[in-house]
Amino acid sequence: MAVVVVILVALALWSDERWVRIVMLFVAAFLTVFSLNFFRDPDRTPASNSDDVIISPADGKVVLIKDVEETEFIKGRARMISIFMSPLDVHVNRIPASGTVEYLKYIKGKFLVASDEKAVNENERECIGLAVKNKKLLFNQVTGFVARRIVCELKLGDTVRAGERFGMIKFGSRVDIYLPEGSASILVTEGDVVRSGETILAQWQNT
């Protein structure tokens with residue numbers, strides 16, 4: 001992005017046409033503001049410090065909540081919560097629950113529009129499995145049509161705390177969270193707007 005801005009500014013300075021200079025500088029300014037907005041990383045305070053809750057790993061809108069068969073880590077029936085991040089949302093991802101990283105897998109795939117339900121299983125994604133007390137939790141960073149780079153700084157065996165930053169997906173995407181069937185009470189509904197490291201998505205049962 002920085003290279004594009006530099007090229008536009010250079011072309012604007014080189015051009016003898018006033019209207020061309022104005023257009024080039026306007027586009028360069030827009031891209032600069034867009035990039036600064038995209039890479040912002042505000043501090044967040046969780047709505048609860050309890051280990052009994054699952055906190056949103058991403059900013060965005062809850063676009064889907066459904067029962068699924070999870071075959072990567074949980075290996076059984078699970079409740080899935082899908083969060084779609086627009087290009088205007090904060091894209092820094094955070095740990096949803098305190099625990100240990102027991103599973104990491106990068107899966108190659110398509111680059112469908114992230115809001116498409118098919119993106120859950122067909123798009124390129126990073127799968128992260130946590131052992132949380134005596135339970136399991138899986139969350140996936142999923143690419144989109146524009147977002148094609150996933151950043152995940154976690155390693156197998158890492159001990160993590162809810163709300164910690166761990167990575168991001170660049171320029172619009174989604175994060176899917178899987179909770180074993182019957183393990184947690186879901187506290188959000190489809191259409192809710194959530195904030196990473198802050199909004200409580202669910203509460204563990206029988207902890």
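Along the sequence shown, the residues carry numbers beginning at 1.
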**Prompt:** Which pair of non-hydrogen atoms, one from Ala97 and one from Val132, has the smallest distance, and what is that distance?
**Reply:** CB-CG2, 4.1 Å

**Asked** Roughly how far, to the nearest 0.5 Å, is CD1 of Ile107 from OG1 of Thr143?
**Response** 11.0 Å

**Request:** Would you mind listing every ring-ring contact (aromatic ring centres under 6.0 Å, His included) that reaches into residues 183-202, with sequence neighbours excluded?
**Result:** none

**Prompt:** Salt bridge or not for Asp192 and Lys61, using N-O below 4.0 Å?
**Reply:** no

**Item:** Set of ring pair (Phe, Tyr, Trp, His ring centres under 6.0 Å) partners for Phe73, sequence neighbours left out
**Value:** Tyr103

**Prompt:** Does any N or O in the side chain of Arg94 come within less than 3.5 Å of the main-chain N or O of Gly163, such that one atom is a donor and the other an acceptor?
**Reply:** yes

**Message:** Quick check: closest heavy atoms across Asp89 and Gly60, and the distance to 0.1 Å?
**Reply:** OD2-CA, 3.6 Å

**Prompt:** Taking atom CG of Leu201 and atom CD1 of Ile81, what is their separation to the nearest 0.5 Å?
**Reply:** 5.0 Å

**Request:** Under the side chain to side chain donor-acceptor pair (under 3.5 Å) rule, collect the residues that match up with Glu70, sequence neighbours excluded.
**Result:** none

**Message:** Same cluster or not: Ile200 versus Leu179, using hydrophobic residues (I, L, V, M, F, W, Y) connected whenever any side-chain heavy atoms lie under 4.5 Å apart?
**Reply:** no

**Backbone N/O of Gly109 and side chain of Asn123: donor-acceptor pair under 3.5 Å** = no

**Asked** Would you say Ser173 and Val142 make side-chain contact, with heavy atoms under 4.5 Å?
**Response** no

**Request:** For residues Ile177 and Pro57, determine if any side-chain heavy atom of one lies less than 4.5 Å from a side-chain heavy atom of the other.
**Result:** yes

**Message:** Before you tell me yes or no, could you show the steps for Glu124 and Lys110 under salt bridge (Lys or Arg N to Asp or Glu O under 4.0 Å), namely the whole-Å CA-CA distance, both residues' side-chain angles and the distance that decides it to 0.1 Å?
**Reply:** CA-CA 6 Å; Glu124 199 155 304; Lys110 299 179 180 179; over 6 Å; no

**Prompt:** What distance do Glu190 atom CD and Leu64 atom CG have between them, rounded to the nearest 0.5 Å?
**Reply:** 5.5 Å

**Asked** Atom CG in Asn93, atom CD in Glu126: separation rounded to 0.5 Å?
**Response** 11.0 Å

**Request:** Check whether any side-chain heavy atom of Lys155 sits under 4.5 Å from a side-chain heavy atom of Val101, and report yes or no.
**Result:** no

**Prompt:** Could you go step by step and tell me if Lys133 and Asp52 meet the salt bridge (Lys or Arg N to Asp or Glu O under 4.0 Å) rule?
**Reply:** CA-CA 10 Å; Lys133 295 183 178 179; Asp52 294 339; 3.4 Å; yes

**Fill in**
Heavy-atom closest pair (Arg195 atom, Glu198 atom, distance to 0.1 Å) is NE-OE2, 2.7 Å

**Message:** Can you give me the closest heavy-atom contact between Ala58 and Val194, atom names plus distance?
**Reply:** O-CG2, 3.6 Å

**Message:** Does this structure show an ion pair linking Asp51 with Arg161, if we count only N-O contacts that are shorter than 4.0 Å?
**Reply:** yes

**Message:** Do Arg174 and Asp176 have side chains that approach each other closer than 4.5 Å (heavy atoms only, starting at C-beta)?
**Reply:** yes

**Asked** When clusters are formed by joining ILVMFWY residues with side-chain heavy atoms under 4.5 Å apart, either directly or through shared neighbours, do Leu187 and Val175 land in the same one?
**Response** no

**Request:** Please assess Asp67 against Arg77 for the test side-chain contact (heavy atoms from CB on, under 4.5 Å), listing each intermediate value before the final yes or no.
**Result:** CA-CA 7 Å; Asp67 293 320; Arg77 298 295 295 172; 3.4 Å; yes

**Prompt:** Short question: side chain of Ser98, backbone of Ala162 - any donor-acceptor pair under 3.5 Å?
**Reply:** yes

**Item:** Exercise: identify the closest heavy-atom pair between Ser185 and Gln205
**Value:** OG-NE2, 2.7 Å

**Prompt:** Any link between Ile55 and Val193 through a network of hydrophobic side chains (Ile, Leu, Val, Met, Phe, Trp, Tyr) touching at under 4.5 Å?
**Reply:** no

**Request:** Of all the heavy-atom pairs spanning Cys152 and Gln141, show the shortest one and how long it is.
**Result:** CB-OE1, 3.4 Å

**Request:** Take Asn134 and Trp204 through the side-chain contact (heavy atoms from CB on, under 4.5 Å) test and state the conclusion after the steps.
**Result:** CA-CA 11 Å; Asn134 60 338; Trp204 293 115; over 6 Å; no

**Request:** State plainly whether one hydrophobic cluster holds both Ile83 and Leu130, where clusters connect Ile, Leu, Val, Met, Phe, Trp and Tyr through side-chain heavy atoms under 4.5 angstrom apart.
**Result:** yes

**Asked** With a 4.5 Å heavy-atom cut-off, do Ile128 and Phe166 have their side chains touching?
**Response** yes

**Request:** Look up atom CE in Met168 and atom CE in Met85, then write down how far apart they are to the nearest 0.5 Å.
**Result:** 8.5 Å

**Asked** When clusters are formed by joining ILVMFWY residues with side-chain heavy atoms under 4.5 Å apart, either directly or through shared neighbours, do Val188 and Val53 land in the same one?
**Response** no

**Asked** Got a second to check how far Ile74's CD1 is from Glu69's CD, nearest 0.5 Å?
**Response** 10.0 Å

